[in-house]
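Here is the structure we will look at, set down as structure tokens.
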Amino acid sequence: MNLQNIFSEIEKTDPEIYQRLDTRRDAMKQFRNIGRLLALSAIPLALGSMFKKAYGRTPQDVLGVLNYALTLEYLEAEYYSTAITKDIFPTPASKGAFTTIANHENAHVALLKSAITAAGGTPVNKPTFDFTAGGNFAPFTDYPTLLILAQAFEDTGVRAYKGKATVLMENPDVLTVALRIHSVEARHAAHLRYMRRNLSSAPQPNLKPWITNADNDVAAIQAVYAGEDNEVQGGVTITNIATEVKKEDATEAFDEFLTDTQVLNIAKLFIAS
């Protein structure tokens, strides 16, 4: 393993690598000196340590994010794939929308598994899901409930991807994949909100395509919207920048991220094993 070549390749991807390590120049020099003496098998560990120092994260962190995203995509893909096998849709258009989303989610699963494998990792296995959450929901026999959970999964996905962007920002290829999926999840969420708003049996005429405050009309999924009532961005209280900017305007203008713990607490409601 030629360390000089490795550093050269890193520099091609991140021209600022030496600036990042500038304050640790002595440590970098020491690493290179030690590297000449390291056993070949130990060099990846030492490189991981360097990435941790330079970026605050390691390649394993990136693989962890990809597998975290894969678990969410497994959940969504199975949800939509199961739904379209049921005789529950009131119109061909509504089933068509779910079929399109199912195809997207299955493509996300395939893409993430490919990215993890290409990065030298192992995709996590698909959990066994219980979309009734222990008998609390009946999404595949009640159409409004089907839409409620779909909206919750999509809104969770959007906020989950946003929460992991900083971990991926020094890996442009992986970040690009994540942001592409993030934007698709956001479009799914908006369309599902539109479908709920126009339900014939239980219309939600006030429901917007985006999140306002932390408003949600279903208590069981309120955890999905925790923190969305934030009106401070970068230390600036948005409602103070102009008199006509109300709190709901401020919250609608920005989407907040969810932490790992928040996302996993939501997901585990639907994971049987």
Using distance only, find each side-chain donor-acceptor pair of residues 200-211 under 3.5 Å and give its atom names and separation, not counting sequence neighbours.
{"unit_1": "Lys208", "atom_1": "NZ", "unit_2": "Glu252", "atom_2": "OE2", "d": "2.6"}
{"unit_1": "Trp210", "atom_1": "NE1", "unit_2": "Glu252", "atom_2": "OE2", "d": "3.3"}

Close side-chain approach of Arg180 and Val184, heavy atoms under 4.5 Å: no

Could you check whether any side-chain N or O of Asn67 sits under 3.5 Å from a backbone N or O of Val124, counting only pairs where one atom can act as donor and the other as acceptor? yes

Could you check whether any side-chain heavy atom of Tyr79 comes within less than 4.5 Å of a side-chain heavy atom of Phe270, counting everything from C-beta outward? no

Residues Glu248 and Thr212: closest non-hydrogen pair is CB-CG2, 3.6 Å

Check: Ala110 main-chain N/O paired with Ser114 side-chain donor or acceptor under 3.5 Å: no

Side-chain donor-acceptor pairs under 3.5 Å in residues 134-145, sequence neighbours left out?
{"unit_1": "Asn136", "atom_1": "ND2", "unit_2": "Ala133", "atom_2": "O", "d": "2.8"}
{"unit_1": "Thr141", "atom_1": "OG1", "unit_2": "Ala138", "atom_2": "O", "d": "3.4"}
{"unit_1": "Asp142", "atom_1": "OD2", "unit_2": "Thr145", "atom_2": "N", "d": "3.0"}
{"unit_1": "Asp142", "atom_1": "OD2", "unit_2": "Thr145", "atom_2": "OG1", "d": "2.6"}

Within this structure, what is the CD-CG distance for the pair Gln222 and Asp215, rounded to the nearest 0.5 Å? 8.0 Å

Distance col, row Leu149:CG vs Thr156:OG1, nearest 0.5 angstrom, shows 10.0 Å

Can you get from Ile266 to Leu146 by hopping between Ile, Leu, Val, Met, Phe, Trp and Tyr side chains that sit under 4.5 Å apart? yes

Using the rule given for side-chain contact (heavy atoms from CB on, under 4.5 Å), can you reason through Val224 versus Asn216, listing the C-alpha separation, both sets of side-chain angles and the distance that settles it, and then say yes or no? CA-CA 9 Å; Val224 174; Asn216 164 54; over 6 Å; no

Between Val232 and Val236, is there shared hydrophobic-cluster membership here, with clusters defined by ILVMFWY side-chain heavy atoms closer than 4.5 Å? no

Phe257 side chain near Gln262 side chain, heavy-atom distance below 4.5 Å: no

How many angstroms lie between OG1 in Thr122 and CD1 in Ile116, if you round to the nearest 0.5 Å? 9.0 Å

Looking only at side chains, do His108 and Glu185 share a donor and an acceptor under 3.5 Å apart? yes

So how far is it from Leu269 CG to Leu264 CG, rounded to the nearest 0.5 Å? 11.0 Å

Quick check against the 3.5 Å criterion: does Asp249 have a side-chain atom that pairs as donor or acceptor with the backbone of Val245? no

Over all atoms of both residues, closest heavy-atom pair of Glu256 and Arg159: O-NE, 2.8 Å

Single-linkage hydrophobic cluster Tyr194~Val158, side-chain heavy atoms < 4.5 angstrom: no

Donor + acceptor pair across side chains of Glu76, His188 (<3.5 Å): no

Mind listing the closest non-hydrogen atom pair of Leu70 and Pro123 along with its distance? CD2-CB, 3.8 Å

Can you tell me how far CD of Glu231 sits from CG of Asn213, rounded to the nearest 0.5 angstrom? 8.5 Å

Side-chain contact test, heavy atoms from C-beta onward, threshold under 4.5 Å: evaluate it for Ile181 versus Leu112 and give yes or no. yes

For the residue pair Asn106 and Ser81, what are the closest heavy atoms and their distance? ND2-OG, 3.0 Å

More than 12 foreign heavy atoms under 6.0 Å from CZ of Phe89: is that the case here? yes

Compute the centroid of each ring, for Phe98 and then for Tyr80, and state whether the two points are separated by less than 6.0 Å. yes

Indicate yes or no: at least one non-hydrogen side-chain atom of Asp155 is less than 4.5 angstrom from one of Tyr225. yes

Does the side-chain contact (heavy atoms from CB on, under 4.5 Å) test come out yes or no for Leu72 and Phe153, once each step is laid out? CA-CA 8 Å; Leu72 294 178; Phe153 293 151; over 6 Å; no

Are Thr99 and Asn103 side-chain neighbours, meaning at least one heavy-atom pair lies under 4.5 Å? yes

Which heavy atom of Glu154 sits nearest a heavy atom of Leu192, and at what distance? CG-CD1, 3.5 Å

Looking at side-chain heavy atoms only, is the closest gap between Thr251 and Glu228 below 4.5 Å? no

Is the shortest side-chain heavy-atom distance between Thr100 and His191 below 4.5 Å? no

Taking every heavy atom of Val62 against every heavy atom of Val167, the minimum-distance pair comes out as CG2-O, 4.2 Å

Hey, what do you get for CD (Glu73) to CG (Leu66), rounding to the nearest 0.5 Å? 11.0 Å

